[in-house]
Number of protein chains: 2
Amino acid sequence: MARKTGSHSEITGPRVHAAAQRLFARYGYAAVSMRQIATEVGVQAGALYNYTPDKQSLLFDLMRAHLEDLLAAWRAESCPAPPLAALERFCRFHVRYHLDRPDEVFIAYMELRNLVPENFAVIERLRKRYETELETILCAGQAQGVFALEDVKLATLAVIAMLTGVTTWYRDTGRLSRNRVEMLYWDMVRKAVGA
Amino acid sequence: MARKTGSHSEITGPRVHAAAQRLFARYGYAAVSMRQIATEVGVQAGALYNYTPDKQSLLFDLMRAHLEDLLAAWRAESCPAPPLAALERFCRFHVRYHLDRPDEVFIAYMELRNLVPENFAVIERLRKRYETELETILCAGQAQGVFALEDVKLATLAVIAMLTGVTTWYRDTGRLSRNRVEMLYWDMVRKAVGA
DNA sequence: TGTCTATCTGAACATTCGTTCATTTCCAAG
DNA sequence: CTTGGAAATGAACGAATGTTCAGATAGACA
C-alpha cells in the first residue's frame, strides 16, 4: 500500500531519473557515478537501488522513454498531408522538439555505445522507426515528382543529421528565436530536397 | 620484452596513440582504462607514462592532431576559386576526409566534454577555424548572388552537421561507393544553399 | 667483455567504482 | 499506542581506477 502523504517513492523515483538525465547529458554516462546522482537527489547511493536495478537500466530507461515520447509526439502531430506539407511539419516538429529537450537528445545520440548489446538493439529499432517516418515522406514526394532526390535513403539521413545538429549550437540567449530557427532549417531542407 | 633493433620509443610511442585512438573511438574516453590501452600495445600500464604525462593529454593530443591535420589538409587542397567551385571542393573534401578517418572524427565530436577547460578552449578554437573556412565561402557566394541564404552562420553549421553525419552510417561494405556518397552530399548541399 | 642508459616490468599507492545489506527511521493504519 | 512496512542510511564488499617508482632487462658502445 502506497503511503499517500509522507511517501517518498513517488517523488524520489522521478528525481533519480531527472538527476541521471542532467548528469549523463553533461558529463557522459561513464564519467558519472551513482554517488554523484545520489548527491544530486539528496540521498545516499544505496537508496538509488530502490528505483533502478542498476546503472545500465538508468541509461536504457532514459533513452527508451525519450525515443518513445518522440515517436508518440510526432504521431500525434502528423496527419495525412501532401509530401511538401508533411515534410515541413516534420522539420519544424523535429527542430522544436529537440530544442525543448536538449538533455534527452544529447544522451540518445551520444550514449549508444554505452548500452549493452541487448539494450542497444531495442534503442536502434526505435531510432530506425523514427527515421522511417521521414523516409516515408520523402519517398511519397519523390514518387509524386514533388522532390528531386538522387537517393532517398541518403537524403533521409542527411536531413536528420542537419536538423539534429541544431542542438549543438542553439542557445536561448542567442540572436535567433526558436521560430526563426525552425523556419531557417525548413527553408534549407526544402531547397535540399529540390522542392 | 626485448628490443629488436635500436630503440623502441619511436615505435611504441605511435602505437600508444594509435591504441588510444581506436579504443577511445569505440568505447569512449571515460570507459577506457590505461590498462586496456597498455594491453592493446603489448606493454604494462606503467610504460605508457614514457609517452604521455597522463590520460588527459592522450585525448587532447589526439584531438589537436586531428584538427590541425584537417585544417592543413584543407588548406593544401583549397585554392582561389569562385564560390560555387570552392563550396564543391569543400564538401567533397570534408566527406572524403571524414570517411577516411572515422576514429579521429568520432573522438573529436564526442569527447569534447571530457577535456579539461584549458584544453577545451584550444580545441574549440581549432574547430571554429575550420568552420570559418566554410563560412567564408558561403559569405562570398552570398555577396556575389550565387547563393540564396537567409542566414549564413546557420547555413554554415547546418551544412557541416549534414556532411559530418556521413560518419554515423557509412560502411565500406554498403551499397554506395565513396565517390557516389561525395557526389550525393554535394548535390544536396548545392541545392540547400540555393545554387 | 663490461658498462651505460633508454625502456619496461611488476608491485604498490590511495581513490573510486557499482552494488549489497543489516539496521534504522518514520509515517499511517489498526 | 502499537505495529507493519516502505524508504533511507551507512558501512562494507571486491574490483578497478590513474599514477608512481625502484628495480630488472637488454641493445648500443667502449
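Numbered from 1 within each chain, the chains take letters A, B, ... in sequence-line order.
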Asks: Not counting sequence neighbours, which residues clear side chain to side chain contact (heavy atoms under 4.5 Å, CB included) with Glu131(B)? List them please.
Replies: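 For Glu131(B) the side chain to side chain contact (heavy atoms under 4.5 Å, CB included) partners, ignoring immediate neighbours, are Arg127(B), Lys128(B), Leu157(B), Ile160(B).
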
Asks: Between atom CG in Leu48(A) and atom P in dC21(C), what is the gap in whole Å?
Replies: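 The answer, rounded to whole Å, is 17 Å.
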
Asks: What distance do Leu176(B) atom CG and Arg171(B) atom CZ have between them, rounded to the nearest 0.5 Å?
Replies: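 That separation rounds to 13.0 Å.
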
Asks: Under a 4.0 Å threshold between the charged nitrogen and the carboxylate oxygen, would Arg178(A) count as salt-bridged to Asp100(A)?
Replies: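 A salt bridge is present here (some side-chain N lies under 4.0 Å from a carboxylate O).
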
Asks: Mind calculating the distance between CD (Gln44(B)) and C1' (dA22(D)) to the nearest angstrom?
Replies: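 Taking CD of Gln44(B) and C1' of dA22(D), I get 16 Å after rounding.
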
Asks: Could I get a table of every N or O pair under 3.5 Å where one atom is in the protein and the other is in nucleotides 14-19 of chain D?
Replies:
| from | atom 1 | to | atom 2 | distance (Å) |
| --- | --- | --- | --- | --- |
| dT17(D) | OP1 | Ser33(B) | OG | 3.4 |
| dG18(D) | OP1 | Val32(B) | O | 3.4 |
| dG18(D) | OP1 | Lys55(B) | NZ | 3.0 |
| dG18(D) | OP2 | Met34(B) | N | 2.9 |
| dG18(D) | N7 | Arg35(B) | NH1 | 2.9 |
| dG18(D) | O6 | Arg35(B) | NH2 | 3.1 |
| dT19(D) | OP2 | Tyr49(B) | OH | 2.7 |
| dT19(D) | OP2 | Lys55(B) | N | 3.0 |
| dT19(D) | O5' | Tyr49(B) | OH | 3.3 |
| dT19(D) | O4 | Arg35(B) | NH2 | 3.2 |

Asks: Please list, chain by chain and in numerical order, all residues satisfying side chain to side chain donor-acceptor pair (under 3.5 Å) with Glu104(A), sequence neighbours excluded.
Replies: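 None.
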
Asks: Under 4.0 Å from OP1 or OP2 of dA7(D): is there any side-chain N or O of Thr12(A) that close?
Replies: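 The answer is no; no side-chain N or O of Thr12(A) sits under 4.0 Å from OP1 or OP2.
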
Asks: A side-chain contact here means heavy atoms from C-beta on lying under 4.5 Å apart; do Phe24(B) and Ile37(B) qualify?
Replies: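 With C-beta onward as the side chain, the pair touches.
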
Asks: Rounded to the nearest angstrom, tell me the gap between atom CG in Asn50(A) and atom C1' in dT9(D).
Replies: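 Whole-Å distance recorded here is 11 Å.
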
Asks: Between Tyr109(A) and His66(A) (judged by ring centroids, cut-off 6.0 Å), do the two rings come close enough to count as a pair?
Replies: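 Tyr109(A) vs His66(A): aromatic centres not under 6.0 Å.
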
